[in-house]
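Here is the structure we will look at.
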Amino acid sequence: EVQLVESGGGSVQPGGSLRLSCTASGFVFAGSEVGWIRQKPGTSCDVIAKYYTDGDTDYHTSVKGRFTISQENAAKMMYLQMNSLKPEDTGMYYCAHARRIGGSWYEEAKYNYWGQGTQVTVSS
């Protein structure tokens, strides 16, 4: 079965950094399409970043230039480096996997498997 487990969340002051990690199992990781999804307080969700093969990435406009998605195929790990954090970045962050390649990367419905999430809180 597909399993995704996030870690690395926590509380940080504005301007700080966090690195989220996700361990994957149960599917062929190399060549798959994965992403990070954020659920803000109030339950709205946004796909923050997507990764498919080396260099094929997309980012939500609110995090572009501050966040970086990456992965290590051999270790079946994916990461989200979060720099210059802002209070509006607060939320639950999920790593996710899409069964089908392509389509609208920014639609949360595209991602069939989600982890349990890790909380990120940015406040002064």
Side-chain angles (χ1 to χ4, degrees):
E1 60 181 311
V2 174
Q3 291 188 337
L4 300 161
V5 182
E6 305 93 335
S7 63
S11 297
V12 64
Q13 295 185 28
S17 297
L18 286 173
R19 188 194 191 199
L20 306 185
S21 299
C22 176
T23 59
S25 63
F27 65 97
V28 179
F29 187 75
S32 67
E33 187 165 2
V34 296
W36 286 94
I37 302 172
R38 178 183 64 203
Q39 183 176 35
K40 292 184 175 182
T43 74
S44 62
C45 292
D46 293 297
V47 180
I48 298 303
K50 164 232 129 184
Y51 188 102
Y52 173 60
T53 73
D54 292 343
D56 187 359
T57 59
D58 288 289
Y59 296 93
H60 191 277
T61 55
S62 67
V63 306
K64 193 172 185 178
R66 299 187 296 116
F67 291 10
T68 302
I69 187 172
S70 62
Q71 65 179 45
E72 298 180 13
N73 289 337
K76 295 185 177 181
M77 298 282 292
M78 61 181 292
Y79 307 95
L80 185 69
Q81 179 65 46
M82 310 164 68
N83 297 328
S84 302
L85 284 162
K86 304 175 180 180
E88 51 264 44
D89 295 322
T90 294
M92 185 71 74
Y93 285 73
Y94 302 88
C95 62
H97 169 247
R99 289 196 301 265
R100 302 184 187 276
I101 305 301
S104 301
W105 68 267
Y106 51 83
E107 294 287 347
E108 64 267 26
K110 170 180 171 61
Y111 300 89
N112 310 102
Y113 306 98
W114 296 31
Q116 85 287 353
T118 185
Q119 179 67 39
V120 172
T121 302
V122 185
S123 63
S124 59

Do V63 and L18 share a hydrophobic cluster (ILVMFWY, side-chain heavy atoms under 4.5 Å, transitive)? yes
For the backbone of T90 and the side chain of T121, can you confirm whether one donor and one acceptor N or O come within less than 3.5 Å of each other? no
Only pairs under 3.5 Å count here: list side-chain donor-acceptor contacts from residues 94-101, not counting sequence neighbours, and write none if there are none.
unit_1, atom_1, unit_2, atom_2, d
Y94, OH, Q39, OE1, 3.3

Return yes if some donor-acceptor pair links the side-chain N/O of Y59 with the main-chain N/O of I69 below 3.5 Å, else return no. yes
Is the number of heavy atoms from other residues, nucleotides or ligands under 6.0 Å of Y106 OH greater than 12? no
Would a 4.5 Å heavy-atom cut-off, applied to side chains only, mark S17 and N83 as touching? yes
To the nearest 0.5 angstrom, please state how far the CD atom of E72 sits from the CZ atom of F29. 9.0 Å
Kindly compute the distance separating CG (L80) from OG1 (T68), expressed to the nearest 0.5 Å. 8.0 Å
Does any part of the side chain of H60, heavy atoms only, come nearer than 4.5 Å to the side chain of F67, both counted from C-beta? no
CG on L20 to CH2 on W36, rounded to 0.5 Å: 5.0 Å
List the atom of F27, the atom of S32, and the distance in Å for their closest heavy-atom pair. CE1-OG, 3.6 Å
Side-chain heavy atoms under 4.5 angstrom apart, residues restricted to Ile, Leu, Val, Met, Phe, Trp, Tyr: same cluster for V2 and Y51? yes
Below 4.5 Å, heavy atoms only, C-beta onward: do K50 and K110 meet side chain to side chain? no
Could you tell me if the side chain of L85 sits less than 4.5 Å from the side chain of Q13, heavy atoms only? no
Side-chain touch E6/Q116, heavy atoms, less than 4.5 angstrom: yes
What's the spacing between D58 CG and Y52 OH if we round to 0.5 Å? 13.0 Å
May I ask you to decide if G91's main-chain N or O and R38's side chain share a donor-acceptor pair within less than 3.5 Å? no
If you define the side chain from C-beta out and look only at heavy atoms, does anything of P14 sit under 4.5 Å from P87? yes
Kindly indicate whether the side chain of S21, heavy atoms from C-beta on, has any atom under 4.5 Å from the side chain of M77. yes
Hphob cluster co-occupancy, Y79 + V12, side-chain heavy atoms under 4.5 angstrom: no
Tell me the closest heavy-atom pair linking Q71 and V34, and the distance in Å. OE1-CG2, 3.6 Å
Any sub-3.5 Å donor-acceptor pair from E33's side-chain atoms to G102's backbone N or O? yes
Transitively linked via ILVMFWY side-chain contacts under 4.5 Å: V122 with M92? no
When you measure from the side chain of W105 to the backbone of A49, do you find a donor-acceptor pair of N or O atoms at a distance under 3.5 Å? no
Joint cluster assignment, W114 & L4, ILVMFWY side-chain distance < 4.5 Å: no
